[in-house]
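Below: the structure, in structure tokens.
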Amino acid sequence: MSAGIKAMGGIAAVLAVGVVAGCSSAPKTGGASTSGASATVPGTGVGRFYGQKPTWRPCEGKSGFQCTEIEVPLDYAKPDGRTIRLAVNRLPSTGSARRLGSLLTNPGGPGGSGLDYVFSSAQKQITSAVRARYDVIGIDPRGVGKSSPVRCLGDAELDVYYTVDTTPDTAAEKARLRTAAQQYASACQANSGVILPHISTVDAARDMDVVRAVLGDQKLNYLGLSYGTQLGQVYAATFPGKVGRMVLDSVVDPALDAKTSAVTQMVGVQRAFEAFVDDCVKRSDCPLGTDRAAGLQKVAALLKKLDGVPLQSKQGRPVNDADARIGLVTATYSPETWQFTRQSLAMAFNGDGSGLRVLADAYRERGPQGAYSNMQAANLAIGCLETKAAERTEKATDDTLAATVRTSPLFGGLNMGLPCAFWRVPPVRIPHEITAKGAGPILLVNNTGDNATPIEWARAVARRLDRAVLVTNQANGHGVYGRGPCVNGAVDSYLLAGTMPPKGTKCQDHGSLF
């Protein structure tokens, strides 16, 4: 599952018009432990990239925003070789008080578009007090959006790919799934082979430092969401002396191996879906009965039925059990989706898969005209690149899948990472047990009922980082900042004045992010 705040904003937008992204698999990491004593200055040969002067222009069709491109090396080990250009936008500070600099953001994924986040969700999530003092900066990381995006299958091919049964029960279904995974991996190599080895989190962190310098900031002020918290941690490990005010919202634990990460994330998904069911059974329009056990059993029966006989939908594409599972995962991201999810389930029990189709398409970022963003392709490519070779094999994938099914029979069988077993690009090593020694204080915020980044991850990272405070919010959903006065006050005090909240701070903000 892609762990992204940006996908939530898209889902909320569809819901707002009455019809309705990510975690494909949680970011998998491997490699040597890093304490944070890495380079604090540009490496040999990359200095010319730090000296760029950006040319800002109005963003097409986006009043009040400015856009530019910043050049970076494709391969930091060969800075005199091929280069790529990062798409960057900014929402200029709005206040008359002293400007505090730039606030770089990342909405998660991996694969979430930073440009889209700043164009839409950032204005609702980041408070007006912070926007008055900072230029809010969005970056499409390399491999994402408008920055040399990873391309695998075309839109029509993806429609076919998503019809494949990801919970195979027969030898024929298993063979079809394996073939589809091979074809997906081969298509990524054929269409994006040049960029695939160079889209790691370390590469993205080095890009952020170039952007920081080009924007004229001595320190990196940063708001990272979901996977963006892993990117922030890697930046702090690589450039500890350049860390300014860093907020990590909905925290990924990069120390976990692939299997542990998948299993613990599935604990969060199951827990969050049960919260949805608990809420549903109290309501008059709930199609799940009157208690949790009965509700979960009814959902399981629906998925089993769809495994054999897909539902028809008004969109003209049948809904199979994989579509339904992905659609229902959407409900675990935010209580804002719960009403529509109840309606979608009621429709499904009456033979209409249209609501579940909307939810699945929103998660996969399929537009109304059938065009997909590259979110899921980038998510998979980055995840595969950062997965150890031993964890990529078909056997390792099957073992992880079995473990997640035991944890969550409803959602553990999503089996979205199988193309990694056929990935040709050698894995890269990224920092995992990050302490960020030498960096400034880092503020962490996490909901206790988060599905994609369980609270256990945030607690582990808070213990590991050299200087960190964790604010826990007693609420469901993925994403914290923007939900209410307690969390907003803690984050704003830090971003605006550098004042960290007391350790052990707890909030109970249940407001909507979008």
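Using a 4.5 Å cut-off on side-chain heavy atoms (C-beta onward), W457 and S261 make contact. Between P454 and V267 the shortest side-chain heavy-atom distance does not fall below 4.5 Å. For the pair N446/T472, no side-chain contact is recorded, criterion being any heavy-atom separation below 4.5 Å from C-beta on. By the 4.5 Å heavy-atom criterion applied to side chains, L311 and D352 are not counted as neighbours. A 4.5 Å side-chain heavy-atom check between L380 and P419 finds at least one atom pair inside the cut-off. The side-chain heavy atoms of T238 and D209, taken from C-beta on, include no pair separated by under 4.5 Å. Proximity of I442 to Y222: side-chain heavy atoms (C-beta onward) are nowhere separated by under 4.5 Å. Annotation: side chain of H478 is not in contact with side chain of N447 (no heavy-atom distance under 4.5 Å).
A donor atom on one side chain and an acceptor atom on the other are not found under 3.5 Å apart for Q183 and Y161. In this model, no donor atom of one side chain and acceptor atom of the other lie less than 3.5 Å apart for N451 and Y333. Counted by atom type alone, D165 and T167 present one or more donor-acceptor pairs between their side chains at under 3.5 Å. In the model, D159 has a side-chain atom that pairs as donor or acceptor with a side-chain atom of Y372 under 3.5 Å. Remark: the D323 side chain and the Y363 side chain contain no N/O donor-acceptor pair separated by less than 3.5 Å.
At least one donor-acceptor pair under 3.5 Å links the side chain of T229 to the backbone N or O of V252. For the pair D291 (side chain) and A294 (backbone), a donor-acceptor distance under 3.5 Å is present. A donor-acceptor pair under 3.5 Å is absent between the side-chain atoms of S113 and the main chain of G145, judged by distance alone. Under a 3.5 Å cut-off, the side chain of Q125 and the backbone N or O of Y481 do form a donor-acceptor pair.
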Mind running side-chain contact (heavy atoms from CB on, under 4.5 Å) on L288 and F349 for me, showing each step along the way? CA-CA 10 Å; L288 298 180; F349 292 132; 3.8 Å; yes
Could you walk me through whether S186 and R424 pass side-chain contact (heavy atoms from CB on, under 4.5 Å), step by step? CA-CA 8 Å; S186 295; R424 298 182 193 176; 4.0 Å; yes
Set out, in order, the CA-CA distance, both residues' side-chain angles and the distance that settles side-chain contact (heavy atoms from CB on, under 4.5 Å) for S250 and L225, then state yes or no. CA-CA 6 Å; S250 306; L225 311 162; over 6 Å; no
Can T387 and W423 be said to form a side-chain contact (heavy atoms from CB on, under 4.5 Å), step by step? CA-CA 10 Å; T387 300; W423 216 249; over 6 Å; no
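By the side chain to side chain donor-acceptor pair (under 3.5 Å) test, N89 pairs with no residue at all, sequence neighbours left out. Every side chain to side chain contact (heavy atoms under 4.5 Å, CB included) that V164 has, sequence neighbours left out, goes to R176, L177, A180. Residues forming a salt bridge (charged side-chain N to carboxylate O under 4.0 Å, His left out) with R292 (at least two apart in sequence, or on another chain): E274, D278. Applying the ring-ring contact (aromatic ring centres under 6.0 Å, His included) rule to F411 yields the partners F273; only residues at least two apart in sequence or on another chain are considered. Taking R325 as the reference, D321 meet the salt bridge (charged side-chain N to carboxylate O under 4.0 Å, His left out) condition, with sequence neighbours excluded. By the side chain to side chain contact (heavy atoms under 4.5 Å, CB included) test, D361 pairs with R317, R357, R366, sequence neighbours left out. With sequence neighbours excluded, no residue satisfies side chain to side chain donor-acceptor pair (under 3.5 Å) with Q474. With sequence neighbours excluded, no residue forms a salt bridge (charged side-chain N to carboxylate O under 4.0 Å, His left out) with R151. Residues forming a side chain to side chain contact (heavy atoms under 4.5 Å, CB included) with A275 (at least two apart in sequence, or on another chain): W338, N476. For the salt bridge (charged side-chain N to carboxylate O under 4.0 Å, His left out) test, no residue two or more places apart in sequence or in another chain qualifies with K124.
Going from atom OG1 of T201 over to atom CZ of R206 covers 14.0 Å, rounded to the nearest 0.5 Å. Atom CG of L418 and atom OG1 of T166 lie 10.5 Å apart (nearest 0.5 Å). Note that OG of S512 is 3.5 Å distant from CD of E336, once rounded to the nearest 0.5 Å. Annotation: the span from S313 atom OG to M347 atom CE amounts to 9.0 Å, rounded to 0.5 Å. Atom CG of D203 sits about 7.5 Å away from atom CG of D75, to the nearest 0.5 Å. Of the inter-residue distances, the one linking D116 atom CG with E365 atom CD reads 7.5 Å to the nearest 0.5 angstrom.
Residues in residues 144-199 take part in these disulfide (SG to SG under 2.5 Å) pairs, two or more places apart or across chains: C152-C188. Here disulfide (SG to SG under 2.5 Å) pairs that include residues 265-338, with residues two or more places apart or in two chains, are C280-C286.
For Q297, the CD atom counts as loosely surrounded, since its 6.0 Å shell holds 12 or fewer non-hydrogen atoms of other residues, nucleotides or ligands. Counting heavy-atom neighbours within 6.0 Å of K298 NZ, excluding the residue itself, gives a total above 12.
Using a cutoff of 4.0 Å between basic side-chain nitrogens and carboxylate oxygens, D285 and R342 are scored as salt-bridged.
Each of Q230, R429, H432 was compared with E386 under the side-chain contact (heavy atoms from CB on, under 4.5 Å) criterion, and only Q230 meets it.
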